[in-house]
Peer 1: 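I'd like to ask you about the structure that follows.
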Amino acid sequence: MMIQSFLRTSFLFTGLAVCLVMNPFPGAIRAEDPVAADVDVAAAKDAAAKRPNAKRTAVILPFKEDINPLSGALLKRKFEAALDSGVDVIIFDIHSPGGFTMVTFELMDMVLDADDVETVAYIEKDAISGAALFALATDTILMKPDARMGDAGEIVMGEDGAFRYTEAKSRSVLAQKARDTAAATGRSVALAEKMTDKDMVVYRATNKNTGEERLLSDKEHASMQDAGDWELGTPIREAGKEMFFIANGQRAVELGMADQTVSGKEDLARVLNVQSPIPEVQRSWVDTFVLVLNMKFFTFLLLLIGLIAIAVELSAPGIGVGGLISCLCFGLFFWSRFLGGTSGWLEVMLFLMGLLFIAAEVFVIPGFGVAGIMGLALSLGSLVMASRRFSMAGEGIDWTSLGNDVALVLGAFLAFLVAGIVLTSYMGQIPGLSRLTLQAEMAPADSFVTADSAPAWQRVQIGQTGTTVSPLRPGGRVQVDDMMLDVVTEGDFVDPGNPVRVIAKQGTRVVVRLIEDSPNV
């Protein structure tokens with residue numbers, strides 16, 4: 001019965017996971033009514049097309065946080081929803097210190113691949129590091145005069161906890177990405193690379209033959225075949241030695257890194273020739289819920305409650321409160337990680353496989369061996385994998401962050417072990433919890449009466465003896481008097497024809513033990 005209970009719980013969890021993972025929340029132009037938003041945009045475009053000097057439609061996607069897998073995944077969904085709505089212009093309201101390099105690359109590619117819409121980076125305050133590279137990928141960059149953009153040098157935390165410049169291989173990838181992006185969007189390749197390389201210097205250069213002027217770095221100039229035709233002038237003060245390029249809005253426009261300065265969102269609408277006021281995507285309750293579930297404290301609670309609920313469910317037959325709670329907790333965990341960009345079907349399947357291995361070890365294979373160890377490794381490993389984004393290249397592994405995720409999962413597991421010991425000892429004494437499991441009713445021996453029509457597992461009594469009629473490995477069938485019932489042993493294998501004694505009952509689960517001095521193979 002416990003095996004059936006476990007399997008039913010597993011199937012219920014799998015079904016819940018399928019529903020949650022395959023049906024993530026839809027992005028929308030207006031959080032309160034996604035469908036209506038699409039209709040409004042289409043209607044606005046039709047109405048505008050009928051008017052002379054028609055203004056375009058636009059939407060603002062705020063991005064005012066660090067770049068991480070969670071924020072990146074949420075922005076991708078909102079961007080896809082904006083594309084589906086059919087707007088002419090998508091404006092990213094950027095105020096970010098940057099973050100994960102690989103997530104930044106993905107966001108840059110997302111914008112560069114959008115051919116049917118104009119993308120705009122609107123910088124009111126700061127677009128630093130990865131946020132500056134993300135802005136570089138857009139078609140148009142509009143900044144307030146005192147806003148800042150740049151300083152995209154890649155750093156990593158060392159084992160001593162101090163941040164330092166990354167290795168040359170990683171810096172080369174970042175510099176090449178900056179150069180390619182600037183070339184694709186028509187901006188200065190030298191200044192874009194200077195955002196990522198503090199050792200180079202950028203100069204104003206003039207061609208001696210044609211009088212053409214352009215910005216050249218010392219590295220670029222040294223590699224040119226016609227270097228002698230170019231005269232290096234004064235260096236750009238924001239792009240000197242031992243510094244990453246960073247400039248305010250006014251200076252960025254002078255150097256060609258930004259297109260124009262604006263005073264605010266009304267001026268932004270005028271410059272872009274879009275309808276005003278520009279609708280802005282607000283954070284929905286689903287976004288907030290996902291962010292909350294990804295917090296370490298709530299992650300710890302989900303894992304702890306889910307593990308305890310599984311243990312409670314296995315103590316009683318059928319699908320009960322414990323099974324539903326465990327499905328809900330782990331379903332929410334993987335769902336929030338899926339929307340957060342750190343989990344997918346692989347982690348879900350590894351977790352379920354781990355549970356099946358553990359079930360096989362507990363109910364089928366005696367003792368505790370390879371299956372149990374593999375089950376624990378798969379289950380705990382899948383939870384760690386679902387909590388973070390692993391990169392095969394670029395940044396390497398953030399060992400500090402990985403250690404925190406491992407500590408969180410192991411902490412929840414250890415807390416579960418402690419809670420399991422407490423619940424095992426006091427389950428029947430804690431008000432309310434005793435109703436989650438089936439308890440044997442205590443009554444005087446002379447007053448206990450069981451109807452002859454009752455199932456065998458109800459009529460059999462602790463201490464009665466019987467004979468095995470099938471192998472117990474560890475489950476099988478036993479005949480006690482005229483009753484035939486399903487039983488399990490404590491873990492030993494018992495061959496047919498051996499005498500056994502009933503030693504425990506819990507609901508429909510009847511536990512027997514081989515009577516000593518009898519043959520057993």
Peer 1: Find out whether Asn68 and Val103 are in side-chain contact, i.e. whether some heavy atom of one side chain is under 4.5 Å from a heavy atom of the other.
Peer 2: no

Peer 1: Under 4.0 Å between a Lys/Arg side-chain N and an Asp/Glu carboxylate O for Glu220 and Arg214?
Peer 2: yes

Peer 1: Would you please name every residue forming a ring-ring contact (aromatic ring centres under 6.0 Å, His included) with Phe79, sequence neighbours left out?
Peer 2: Phe92

Peer 1: Any donor-acceptor pair under 3.5 Å linking the side-chain atoms of Thr196 with those of Arg179?
Peer 2: no

Peer 1: Take Trp345 and Phe338 through the side-chain contact (heavy atoms from CB on, under 4.5 Å) test and state the conclusion after the steps.
Peer 2: CA-CA 9 Å; Trp345 274 112; Phe338 177 84; 5.8 Å; no

Peer 1: Mind listing the closest non-hydrogen atom pair of Ala190 and Val202 along with its distance?
Peer 2: O-CG2, 3.9 Å

Peer 1: Tell me if the CD atom of Gln176 is crowded by more than 12 foreign heavy atoms within 6.0 Å.
Peer 2: yes

Peer 1: Could you tell me whether a side-chain N or O of Ser276 sits under 3.5 Å from a main-chain N or O of Glu266, the two making a donor and an acceptor?
Peer 2: no

Peer 1: Let's go through Lys194 and Glu238 carefully: what are the C-alpha distance in whole Å and the side-chain angles of both, what is the deciding distance for salt bridge (Lys or Arg N to Asp or Glu O under 4.0 Å) to 0.1 Å, and is it a yes or a no?
Peer 2: CA-CA 9 Å; Lys194 181 57 180 173; Glu238 296 87 357; over 6 Å; no

Peer 1: So Leu268 and Ile91, do their side chains get closer than 4.5 Å, heavy atoms only?
Peer 2: yes

Peer 1: Given side chains that start at C-beta, do those of Leu293 and Leu302 come closer than 4.5 Å, heavy atoms only?
Peer 2: yes

Peer 1: Given 3.5 Å as the limit, does a donor-acceptor pair link the side chain of Ser217 with the main chain of Val201, or not?
Peer 2: no

Peer 1: If you take all heavy atoms of Val384 and Val409, which pair is closest and at what distance?
Peer 2: CG2-CG2, 3.7 Å

Peer 1: Under 3.5 Å, side chain of Asp66 to main-chain N/O of Gly99, donor-acceptor pair present?
Peer 2: no

Peer 1: Do Ile141 and Tyr122 have side chains that get closer than 4.5 Å, going by heavy atoms?
Peer 2: no

Peer 1: More than 12 non-hydrogen atoms from neighbouring residues, nucleotides or ligands closer than 6.0 Å to CG on Asp116, yes or no?
Peer 2: no

Peer 1: With distance as the sole test, does His221 use its side chain to make a donor-acceptor pair with the main-chain N or O of Ala227 at under 3.5 Å?
Peer 2: yes

Peer 1: How far does CG of Leu107 sit from CG of Asp109, to the nearest 0.5 angstrom?
Peer 2: 9.0 Å

Peer 1: Just wondering, do Phe333 and Thr299 contact through their side chains at under 4.5 Å, heavy atoms?
Peer 2: yes

Peer 1: Run the side-chain contact (heavy atoms from CB on, under 4.5 Å) check on Val59 and Ile90 step by step: do they pass?
Peer 2: CA-CA 5 Å; Val59 64; Ile90 298 178; 4.3 Å; yes

Peer 1: OG1 of Thr57 to CG of Asp88: how many Å apart, nearest 0.5 Å?
Peer 2: 3.5 Å

Peer 1: Okay, side chain of Lys144, backbone of Thr261: is any donor-acceptor separation there less than 3.5 Å?
Peer 2: no

Peer 1: Given Thr140 and Asp259, is the side-chain hydrogen bond (donor to acceptor under 3.5 Å, both in side chains) satisfied, shown in steps?
Peer 2: CA-CA 6 Å; Thr140 305; Asp259 295 276; 4.7 Å; no

Peer 1: On a heavy-atom basis, which atom in Val87 and which in Val117 lie closest, and how many Å separate them?
Peer 2: O-CG2, 3.6 Å

Peer 1: Taking atom CZ of Phe351 and atom CG of Leu378, what is their separation to the nearest 0.5 Å?
Peer 2: 11.0 Å

Peer 1: Taking the side chain as C-beta and beyond, is there a heavy-atom pair between Leu74 and Leu70 under 4.5 Å?
Peer 2: yes

Peer 1: Take atom CZ of Arg148 as the centre, draw a 6.0 Å sphere, and report whether it contains more than 12 heavy atoms from other residues, nucleotides or ligands.
Peer 2: no

Peer 1: Considering residues, nucleotides and ligands other than Lys208, do more than 12 of their heavy atoms fall under 6.0 Å from its NZ?
Peer 2: yes

Peer 1: With a 3.5 Å cut-off and sequence neighbours excluded, list the donor-acceptor pairs that the side chains of residues 128-136 form with protein atoms.
Peer 2:
none

Peer 1: Return yes if a side-chain donor-acceptor contact under 3.5 Å exists between Glu154 and Thr101, otherwise no.
Peer 2: yes

Peer 1: Identify whether the distance between the nearest side-chain nitrogen and carboxylate oxygen of Asp146 and Lys125 falls below 4.0 Å.
Peer 2: no

Peer 1: Locate the shortest heavy-atom distance separating Leu383 from Phe334; write the atom from each residue and the value.
Peer 2: CD2-CZ, 4.0 Å

Peer 1: I want to check something: taking the side chain as every heavy atom from C-beta on, are Met200 and Glu193 in contact at a cut-off of under 4.5 Å?
Peer 2: yes

Peer 1: Work out which heavy atom in Ala412 is nearest to a heavy atom in Leu303; give both atom names and the distance.
Peer 2: CB-CB, 3.8 Å

Peer 1: Identify the two heavy atoms, one from Ile67 and one from Ser96, that lie closest to each other, and give their separation to 0.1 Å.
Peer 2: CG1-OG, 4.0 Å

Peer 1: Spell out, as yes or no, whether a donor-acceptor pair under 3.5 Å connects the side chain of Lys55 to the backbone of Arg270.
Peer 2: no

Peer 1: So, taking the atom named CG in Leu216 and the one named CG in Asn207, what distance separates them when rounded to the nearest 0.5 Å?
Peer 2: 10.0 Å

Peer 1: One pair to check against side-chain contact (heavy atoms from CB on, under 4.5 Å): Phe357 and Met374. What are the steps and the verdict?
Peer 2: CA-CA 7 Å; Phe357 272 103; Met374 289 182 60; 4.0 Å; yes

Peer 1: Under 3.5 Å, is there a donor-acceptor pair between the side chain of Ser379 and the main chain of Leu376?
Peer 2: no

Peer 1: Are any of the side-chain nitrogens in Glu347 or Arg337 under 4.0 Å away from the carboxylate oxygens of its partner?
Peer 2: no

Peer 1: Under 6.0 Å from the ring centre and within 45 degrees of the ring axis: does the NZ or CZ of Lys177 meet both conditions for the six-membered ring of Phe105?
Peer 2: yes

Peer 1: Roughly how far apart are Arg56 CZ and Ile278 CD1, rounded to 0.5 Å?
Peer 2: 10.0 Å

Peer 1: Between Arg77 and Glu80, does any side-chain N to carboxylate O distance fall below 4.0 Å?
Peer 2: no

Peer 1: May I ask you to check whether over 12 heavy atoms, not counting those of Gln250, lie within 6.0 Å of atom CD?
Peer 2: no

Peer 1: For residues Leu307 and Phe330, determine if any side-chain heavy atom of one lies less than 4.5 Å from a side-chain heavy atom of the other.
Peer 2: yes

Peer 1: Using the rule given for side-chain contact (heavy atoms from CB on, under 4.5 Å), can you reason through Leu112 versus Thr181, listing the C-alpha separation, both sets of side-chain angles and the distance that settles it, and then say yes or no?
Peer 2: CA-CA 8 Å; Leu112 288 171; Thr181 302; 4.2 Å; yes

Peer 1: Going by side chain to side chain contact (heavy atoms under 4.5 Å, CB included), name the residues that satisfy it together with Asp226, two or more places apart in sequence or in a different chain.
Peer 2: Met224, Asp229, Trp230

Peer 1: One thing to verify: whether Lys265 and Asp93 come together as a salt bridge, which I'm taking to mean a side-chain N less than 4.0 angstrom from a carboxylate O.
Peer 2: yes

Peer 1: Drop me the distance from Phe245's CZ to Ile236's CD1, to the nearest 0.5 angstrom.
Peer 2: 8.5 Å

